[in-house]
**Student:** 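Take a look at the following structure, please.
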Number of protein chains: 4
Amino acid sequence: MQTVKPRRRQARGERRIAQLLDAAADVFATDGYTAATTNAIAAAAGVSPGTLYQFFPNKQSMAEALADQYIAALAVAHDQAADRRIAGVPLDDVINQMVDPAIRIASENHGFTAVFHFSGRLQSAVTDQVDGLIAIRVPELDPSRRRLIALVTVKIFEALLPAVLSASGRTRTEITGELKRVLRAYLLDISD
Amino acid sequence: MQTVKPRRRQARGERRIAQLLDAAADVFATDGYTAATTNAIAAAAGVSPGTLYQFFPNKQSMAEALADQYIAALAVAHDQAADRRIAGVPLDDVINQMVDPAIRIASENHGFTAVFHFSGRLQSAVTDQVDGLIAIRVPELDPSRRRLIALVTVKIFEALLPAVLSASGRTRTEITGELKRVLRAYLLDISD
Amino acid sequence: MQTVKPRRRQARGERRIAQLLDAAADVFATDGYTAATTNAIAAAAGVSPGTLYQFFPNKQSMAEALADQYIAALAVAHDQAADRRIAGVPLDDVINQMVDPAIRIASENHGFTAVFHFSGRLQSAVTDQVDGLIAIRVPELDPSRRRLIALVTVKIFEALLPAVLSASGRTRTEITGELKRVLRAYLLDISD
Amino acid sequence: MQTVKPRRRQARGERRIAQLLDAAADVFATDGYTAATTNAIAAAAGVSPGTLYQFFPNKQSMAEALADQYIAALAVAHDQAADRRIAGVPLDDVINQMVDPAIRIASENHGFTAVFHFSGRLQSAVTDQVDGLIAIRVPELDPSRRRLIALVTVKIFEALLPAVLSASGRTRTEITGELKRVLRAYLLDISD
DNA sequence: GATGAATGAGAGTTCATTCAT
DNA sequence: CATGAATGAACTCTCATTCAT
């Protein structure tokens with residue numbers, strides 16, 4: 001009985017948090033992280049600035065919360081493709097299974113690009129995934145070299161993502177294709 | 001000869017402009033373009049804010065002036081390697097002749113990375129150079145596809161440049177090597 | 001009754017607005033509209049610049065808010081004299097009933113003169129009142145000519161008001177008398 | 001022989017002064033006295049700010065120099081009409097001979113209106129002229145009352161001048177007519 | 001929890017005026 | 001005389017954050 005109230009409170013709080021993060025993602029996407037203002041985010045969420053600070057201690061923390069959301073979404077996608085992550089799968093398939101969900105998640109979450117630039121956590125998470133995949137495919141690779149390759153791979157993805165997202169239709173397909181071509185060429189080169 | 005007198009006046013101004021641009025490059029490098037403030041630039045140059053505005057109408061114009069400097073420096077480097085830009089040269093040499101001077105110029109000019117992100121002019125200039133080189137090596141390529149490839153190449157360079165510059169010694173060599181590997185693999189892939 | 005709570009929040013804000021407008025009127029009166037600075041107004045109101053901008057987007061909007069106050073005060077005075085605004089009243093009485101309240105309001109509101117110069121709204125409101133009065137007294141007058149006469153009347157008032165306000169005692173009475181003399185002579189001239 | 005050089009210098013200096021005052025009048029007319037900047041005036045005159053300050057110690061002094069020009073021009077016009085300034089002349093003629101040249105001079109000198117507001121000297125000079133005329137026509141008038149009437153007359157002129165100048169063709173004639181009507185009615189009233 | 005008022009340092013920019021050349 | 005570089009205080013306006021209610 002007494003647990004009902006707390007639950008409601010938590011529920012309301014979580015709704016608020018979701019609402020604020022959605023607003024933050026929109027504003028980050030529109031103005032960029034730096035130019036985004038907490039007042040604008042609060043306004044976009046339809047609450048007062050004070051309310052925002054009841055849930056987030058500062059702007060940075062909102063970006064990090066979004067980063068966590070994106071990390072979780074990527075993990076889900078990654079796990080769904082887990083069964084094909086074994087050694088024998090063609091590289092093209094692996095790339096598709098990494099790039100396509102990532103692009104989809106970035107498309108569906110307006111703030112993704114903006115947050116990616118500022119969240120070391122998100123970058124690390126993605127890099128870890130890539131690193132793991134390379135480890136499976138090229139087990140003999142030196143771990144530190146592998147890390148470097150993973151980093152480079154992620155940087156390339158980060159660099160081309162905005163172009164992909166701002167395009168649509170045929171153009172988007174083209175640019176996505178180019179991104180995959182780069183990655184395949186690079187990663188094939190390593191395996192040799 | 002008669003121009004000496006008028007020039008003396010400009011000389012001070014031109015020294016100031018150089019001084020201000022140096023300061024701007026430093027501040028851009030340290031704080032990033034967005035966070036850089038005109039007051040900080042003026043202070044770094046040892047002049048008052050008003051002096052800055054006698055030569056530059058705003059921050060953006062300073063970035064563009066730096067971009068022009070970098071474009072000029074790149075053009076010089078490019079021209080010096082002109083004799084080897086002919087068709088038969090190995091791809092590795094071409095990449096070396098593009099990447100090494102670019103990294104050198106970026107090393108010598110602190111503001112390069114920061115300006116690169118915000119100056120369409122600088123990005124276009126580099127893209128044009130790359131586009132031209134591809135045209136020589138793979139003349140049968142469709143021009144619009146060639147432009148896309150050039151753009152991707154430049155984005156990759158842009159994405160990895162900060163990592164190169166923030167490293168030194170062996171690590172820098174390693175990362176530079178990785179950058180070249182990516183480009184070689186990608187560009188070889190096209191020629192097929 | 002239920003509106004009490006929400007109002008309490010606005011109450012502070014509305015007090016601040018009144019306080020800021022009072023301060024603005026003082027500063028406008030002292031320095032003139034153009035020379036008045038928002039920082040000076042904020043300081044005069046005992047608040048920080050940021051607070052001012054929470055309620056007014058700029059200096060102009062403060063002048064307009066004051067203009068609205070003055071328009072309202074003039075309307076009240078005008079309405080109180082409404083019963084004597086009928087056709088048969090002597091011109092002298094009409095002039096007294098226009099000029100005296102206007103001077104009183106201008107005396108009681110330090111910013112009046114300064115705002116009058118810059119607020120088309122305030123000028124229009126006063127001109128409309130005068131226009132209406134002339135319409136009652138000289139109905140056969142062409143409306144566009146009537147408007148012109150009203151405009152001239154208001155400009156004369158505006159031109160002599162500062163002299164009236166900066167005087168006091170006997171001198172003020174004298175200058176006020178001169179203002180009324182001008183208007184009476186001019187408006188009598190028209191009726192002919 | 002030695003006087004040639006100084007003369008040349010003076011001549012050049014006076015040309016500069018005229019050039020600067022013309023520029024100042026233009027800028028005052030366009031932007032108003034307060035908003036006018038000395039840099040803008042110097043630029044409009046085609047000289048450097050330093051040169052401006054070689055001839056005028058500050059902005060105010062330029063307004064005063066212009067005021068002197070206008071006073072001189074008004075004096076010439078006044079003197080030309082001197083023969084009709086005697087007692088018997090109809091009031092309408094006197095008003096015409098005051099108003100018409102003043103409007104002509106204001107038309108021909110863009111800065112007139114702007115300077116009029118800020119130059120006590122110019123206002124006094126005009127007031128003196130009017131005062132003198134009234135003295136001739138109504139010699140029995142108490143001097144201090146006469147001064148007041150002259151002041152009021154000049155304020156009315158000042159108040160309606162911008163409307164006259166910003167109009168043209170028929171409209172200008174109309175407004176000018178209204179100005180004269182006001183003055184005639186007022187001044188006739190006094191003579192009674 | 002929620003509100004919105006309040007802060008105040010600091011951003012970009014301007015300008016009358018001075019001074020070295 | 002002329003130049004134009006230099007000044008620096010002052011201006012308008014912003015925003016992350018705090019706090020009374």
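Letters A, B, ... are given to chains in the order of the sequence lines, protein chains preceding strands, and every chain is numbered from 1.
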**Student:** Which residue, Q19(B) or G46(D), contacts DNA chain F at a nucleotide closer to its 5' end, judged by nearest heavy atom?
**Tutor:** G46(D)
**Student:** Would you give the length of the straight line joining atom CD1 of I17(D) to atom CZ of R15(D), rounded to the nearest 0.5 angstrom?
**Tutor:** 11.5 Å
**Student:** Looking at dG1(E), I'd like to know if its phosphate oxygens (OP1 or OP2) sit under 4.0 Å from a side-chain N or O belonging to R16(A).
**Tutor:** no
**Student:** Quick test of your reading: applying ring-ring contact (aromatic ring centres under 6.0 Å, His included), list the pairs with at least one residue in residues 35-64 of chain A, sequence neighbours left out, ordered by first then second residue.
**Tutor:** none
**Student:** Quick one, which residues of residues 48-68 of chain D touch DNA chain F with a heavy atom under 4.0 Å?
**Tutor:** S48(D), P49(D), G50(D), T51(D), Q54(D), F55(D)
**Student:** Rounding to an integer number of angstrom, what distance separates dG1(E) and dT21(F) when you compare their P atoms?
**Tutor:** 22 Å
**Student:** Restricting to side chain to side chain donor-acceptor pair (under 3.5 Å), what partner residues turn up for D26(A), sequence neighbours left out?
**Tutor:** H110(A)
**Student:** Should T38(D) be listed as having a side-chain N or O under 4.0 Å from OP1 or OP2 of dA16(E)?
**Tutor:** yes
**Student:** Using side chain to side chain donor-acceptor pair (under 3.5 Å) as the criterion, list what pairs up with T51(D), not counting sequence neighbours.
**Tutor:** S48(D)
**Student:** Can you find a pair of side-chain heavy atoms, one from N39(A) and one from L52(A), that are under 4.5 Å apart?
**Tutor:** no
**Student:** Rounding to a whole Å, what distance do you find between I17(A):CD1 and dA2(E):C1'?
**Tutor:** 15 Å
**Student:** Short of 4.0 Å, heavy atom to strand atom, which residues of residues 21-37 of chain D count as contacting DNA chain F?
**Tutor:** none
**Student:** Round to a whole Å and report the spacing from CG of L20(D) to C1' of dT3(F).
**Tutor:** 14 Å
**Student:** Roughly how many Å is it from CD1 in I41(B) to P in dG10(E), rounded to a whole number?
**Tutor:** 17 Å
**Student:** Please list, chain by chain and in numerical order, all residues satisfying side chain to side chain contact (heavy atoms under 4.5 Å, CB included) with A23(B), sequence neighbours excluded.
**Tutor:** I41(B), A44(B), A45(B)
**Student:** What pairs with E158(D) under salt bridge (Lys or Arg N to Asp or Glu O under 4.0 Å), at least two apart in sequence or on another chain?
**Tutor:** K155(D)
**Student:** Enumerate the salt bridge (Lys or Arg N to Asp or Glu O under 4.0 Å) contacts for residues 50-68 of chain C, please, sequence neighbours excluded, ordered by first and then second residue.
**Tutor:** D68(C)-R121(C)
**Student:** Sequence neighbours excluded, which residues qualify as side chain to side chain contact (heavy atoms under 4.5 Å, CB included) partners of A125(C)?
**Tutor:** I71(C)
**Student:** Which residues pass the ring pair (Phe, Tyr, Trp, His ring centres under 6.0 Å) test with F112(D), sequence neighbours left out?
**Tutor:** Y70(D), F116(D)
**Student:** Please identify each residue that fulfils side chain to side chain contact (heavy atoms under 4.5 Å, CB included) with A36(D), with sequence neighbours left out.
**Tutor:** V27(D), F28(D)
**Student:** What stems, by residue range, does DNA chain F take part in, given at least 3 consecutive Watson-Crick or G-U pairs under 3.5 Å?
**Tutor:** E:2-21 with F:2-21
